[in-house]
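Note on naming: letters A, B, ... go to the chains in the order of the sequence lines (proteins, then strands), and numbering restarts at 1 for each one.
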Amino acid sequence: MVKYIIKRLLLCVLILFGVSVILYLLLRCVPGDYVTNKFTANPNVEMSEEKLEAMREIYGLNDDVFTGYFKWLFGNPATGTKGAILLDFGTSFVYDAPVSEVIADHMWISFALTLLSLVIYYPLAVYLGTRAAVKQYGAFDYATTVLTMVGISFPSFFFSAIIVKIFAFDLGWFDTSLGLNSTGLINPSGWELFTDTAWHLVLPVLVVVVLSIGSVMRYTRTNMLEVLSADYIRTARAKGLSERSVVYKHAFKNTMIPMVTVLAGILPGLFGGSMILEDFFAIDGIGRIAYNAMNQGDIPFVMGYNMFLALLTVIGMLLTDIMYVVVDPRVKITN
Amino acid sequence: MDEINKEGAIVEEVYTLETDSALEEMPAEEPSHQPEGDGEMQSIADNVRSLSPTRLVLKRFFRSKLSVIGLAMIIFLFAFCWIGPLFSPYTETTVDRETDRQNVVVTKIEVEYELEDGTIEQFTVYKVQKSPMEIDSLAGASGEHWMGTDKNGRDILTRVMYGGRVSLTLSLLVVLLETVIGVVLGGLAGYFGKWVDTLIMRIIDVFSCIPSLPLLLIIGSVLDGMKVDPNIRIYFMMIFLTLLGWTGVARIVRGQILTLREQEFMVSATARGLSTPRKIFRHLIPNVIPQLIVSMTLGLGSVILMEASLSYMGLGVPLTSASWGGMINDVNDPFILANYSNLWVPPGICIVLAVLGFNFVGDGLRDAFDPKAKR
């Protein structure tokens, strides 16, 4: 087991290295670097070409791609960065703070949003999926199938627009003009601020729940159907157990094996945020921050953010595989 | 007895001839790989009723209501987008300049007037200015424009049709390309194993760990910076979408081929001394086709969603030509979001219909191809 995990971890490092090379190459292909964008856009500031050069030197944009990547990976003694290999992604141009700090600052609101949604949709999806599988091809099965399929077919921005139009503009229950805060708040107390933010999270959470419930529900249904056709379920029925006990004790536990592993795979991804959704609801989460940074050519932040996402994906994959071995006693690691 | 058997064989042959000619465009299944049925096919009753695998799949597919509804939705959308514009007096860029609507500007003027006895009286005067509108913009639904017009006075219904052309064609292209790349690389990995497999699988790992939306954003700005013609920029975006999306197909193909290459018909193919490409493309790939068709239909839905997101973020087609995602982009203006649903709801509904249609069809196909399925 330990040997397997170590092997997988080494593989993860290799994958992350590959991802970083591809991303850095692409990022350096973007013409119009941050310095040019920032200092030539403002007509009041006269910048000579030498000054621009000096600024580029400071921002580390003067090196060619390979030196730049090398410095990004192993640190630059001139600026005192330790390099990505020691989890130091440098200083963000746009936010003027260490990348890891910016990520850590904005990660939690994204995490709260996705975690809240997960807590709501996951049990609901498992419940619906199980019910649908037990009565396969019944009215309930058809209804949930159609509804959840409609859910996954919506683009997030379109569904958000509908929700905001109905609940914020027509019914007037929410005030979405300022993102997560109401317009009228003056010097709010901590509690007021908290309830206000929580209220404003309702719509985005609703969007995430509706859009993600479908795939988990389908997955539960498929697994449950497979389990229900297994031999030990027939045995359980032959023993004369009640249908309730067969479905919710014998079958359900076995359905949960793949579901738990999927959950382990989702968890790391919760920190990543969602660009379109956060941008639409003006939530200052990691996704929106990264979207802004990307539009302004902030290489250190974009690199840091994307590596962060890739890291989350890799950890998710690793957790899924480990959970299989932990949860399912039938799975053994062979060589 | 012999005679009866012969008769049965003839009936079967006639039957297969008929079904084959009817289903020529469907992918051929290799009957030689499904020897399980042979034993039963000897009796007459079975001969008359037996269906070719393709027939069986089609029958099971059409038995499910959802798949038929999905198919109808897709056919409707294709007809709507390709035939619809022929009946429209506008094109996607036509600006309607003929209108009798007028801009009305109401200004409130407050006047204070001092009376002779020194008291001040206030008057409120409303000044109403009317001027003819130059373009028929943001019009409501009418006989002239069935779904109204957008900010620039272009007909919404016509733009939805043209937008669908772009979305549907590009998604089909992307999925086809993805499948080709996936089949070739997955096939190589599965067939050759060893270091080829390891190398391709590591590449797949790297590609599936790259966050796709951020990467496409970066690529979008690279293309912008390189001054790529906005009309062909979307094709570059599609190429990169393909490069990010082929890994799923490759995984499926590899997994299938790993199990298939150990089976008896592959031993026989080797014994017959067939060349490697022939073994892969004539004997292994046809057996993966059911899974491929399912993953392609389901993939179409997600590619349409991805393309819509890209257009929504302004990375798709140029702004003058229509696209479903790009039309919804108008909701970023709260004024339009609140008051002009006719601008963004129709393209949104089209996206949902297209994705839903492909999902229903894909789901139906999966059930139909599944030999273990109850119905």
Side-chain angles (χ1 to χ4, degrees), chain A residues 11-12 14-19 21-23 26-27 29-32 136-137 142 145-146 149-150 152-162 164-165 168-170 176-177 214 218 225-226 229 272 274-276 279-280 287 290-291 294-295 297 302 305-306 308-314 317, chain B residues 64-66 69-70 202-203 205-211 213-215 217-227 240 301-302 304-306 308-309 312-313 324-325 328-332 334 337-339 341 344-345 347-349 351-360 363 366 372 374-375:
Chain A
L11 191 64
C12 291
L14 192 71
I15 292 173
L16 289 177
F17 175 73
V19 172
V21 170
I22 294 178
L23 282 172
L26 268 172
L27 270 177
C29 290
V30 181
Q136 198 190 5
Y137 299 121
Y142 264 111
T145 304
V146 171
M149 290 274 254
V150 171
I152 46 176
S153 303
F154 268 92
S156 58
F157 49 91
F158 181 51
F159 193 67
S160 315
I162 293 177
V164 168
K165 159 84 174 143
F169 289 119
D170 291 353
T176 49
S177 53
R218 298 292 293 167
L225 283 177
E226 207 158 283
S229 62
S274 148
M275 283 191 177
I276 296 182
D279 193 51
F280 191 89
Y291 186 41
M294 220 163 274
N295 285 337
V302 176
Y305 174 67
N306 282 305
F308 177 62
L309 286 188
L311 185 71
L312 292 177
T313 321
V314 167
M317 279 171 19
Chain B
S64 145
K65 284 185 207 96
L66 284 186
I69 295 175
R202 289 299 87 82
I203 297 176
D205 282 341
V206 170
F207 271 89
S208 49
C209 278
I210 296 180
L213 197 57
L215 187 77
L217 280 172
I218 298 171
I219 290 167
S221 50
V222 172
L223 292 176
D224 274 349
M226 286 161 74
K227 304 274 183 295
F240 284 103
S302 51
I304 290 178
L305 277 183
M306 194 71 192
S309 308
Y312 171 78
M313 297 178 115
W324 288 342
I328 303 183
N329 183 267
D330 284 344
V331 297
N332 281 330
L337 176 60
N339 300 314
S341 311
W344 53 272
V345 172
I349 288 176
I351 298 177
V352 175
L353 276 185
V355 180
L356 198 59
F358 284 118
N359 278 344
F360 278 160
D363 235 39
R366 178 166 47 199
K372 285 184 293 181
K374 285 180 197 159
R375 305 210 303 188

If I measure from the heavy atoms of chain B, does A:F280 come under 4.5 Å with its side chain, its backbone, both, or neither? side chain
Is there a side-chain contact (heavy atoms from CB on, under 4.5 Å) between B:L215 and A:N306 once you walk through the steps? CA-CA 8 Å; B:L215 187 77; A:N306 282 305; over 6 Å; no
Is B:F358 close to chain A through its backbone or its side chain, or both, or neither, when contacts mean heavy atoms under 4.5 Å? neither
The side chain to side chain contact (heavy atoms under 4.5 Å, CB included) partners of B:F240 (sequence neighbours excluded) come to B:L216, B:I219, B:L243
Mind telling me whether B:W344 and A:F158 have parallel, tilted or perpendicular rings, with 30° and 60° as the class edges? perpendicular
Would you compute the distance between atom CG of B:D205 and atom CG of A:L14 and round it to the nearest 0.5 angstrom? 9.0 Å
Closest non-hydrogen atoms of A:T313 and B:S208, given as atom of the first, atom of the second and distance, are CG2-O, 4.3 Å
Engaged part of A:S156 at the chain B interface, taking heavy atoms whose separation is under 4.5 Å: neither
Sorted by chain and number, sequence neighbours left out, side-chain hydrogen bond (donor to acceptor under 3.5 Å, both in side chains) with B:D363 holds for A:R218, B:R366
Can you see which heavy atom on B:K65 is nearest to which on A:Y142, and at what distance? N-OH, 4.5 Å
Measuring from atom CD1 of B:I218 to atom CD1 of A:I22, what distance do you get when rounded to the nearest 0.5 angstrom? 11.5 Å
Counting only non-hydrogen atoms closer than 4.5 Å, does B:M306 touch chain A with its backbone (N, CA, C, O), its side chain (CB onward), both, or neither? neither
Say you draw a straight line from CD1 of B:I328 to CD1 of A:I162; how long is it, rounded to the nearest 0.5 Å? 8.5 Å
Rounded to the nearest 0.5 Å, what's the gap from CD1 on A:I15 to CZ on B:R202? Could you check? 6.5 Å
So, for B:L305 and A:I152, which heavy atoms are closest and what is the spacing to 0.1 Å? CD1-O, 3.7 Å
I'd like to check A:V302 versus B:P214 (side-chain heavy atoms, cut-off strictly below 4.5 Å). Are they in contact? no
Tightest non-hydrogen contact, residues A:G18 and B:V206, listed as C-CG1, 3.9 Å
Which pair of non-hydrogen atoms, one from B:S309 and one from A:F157, has the smallest distance, and what is that distance? CA-CE2, 3.6 Å
Side chain, backbone, both or neither: which part of A:M149 has a non-hydrogen atom closer than 4.5 Å to chain B? both
Does B:V345 reach the side chain of A:K165, with side-chain heavy atoms less than 4.5 Å apart? no
Engaged part of A:F159 at the chain B interface, taking heavy atoms whose separation is under 4.5 Å: neither
Pick one of side chain, backbone, both or neither for B:L356, based on which atoms fall under 4.5 Å of a heavy atom in chain A. both
Rounded at 0.5 Å granularity, tell me how far CG in A:L26 sits from CD1 in B:I210. 8.0 Å
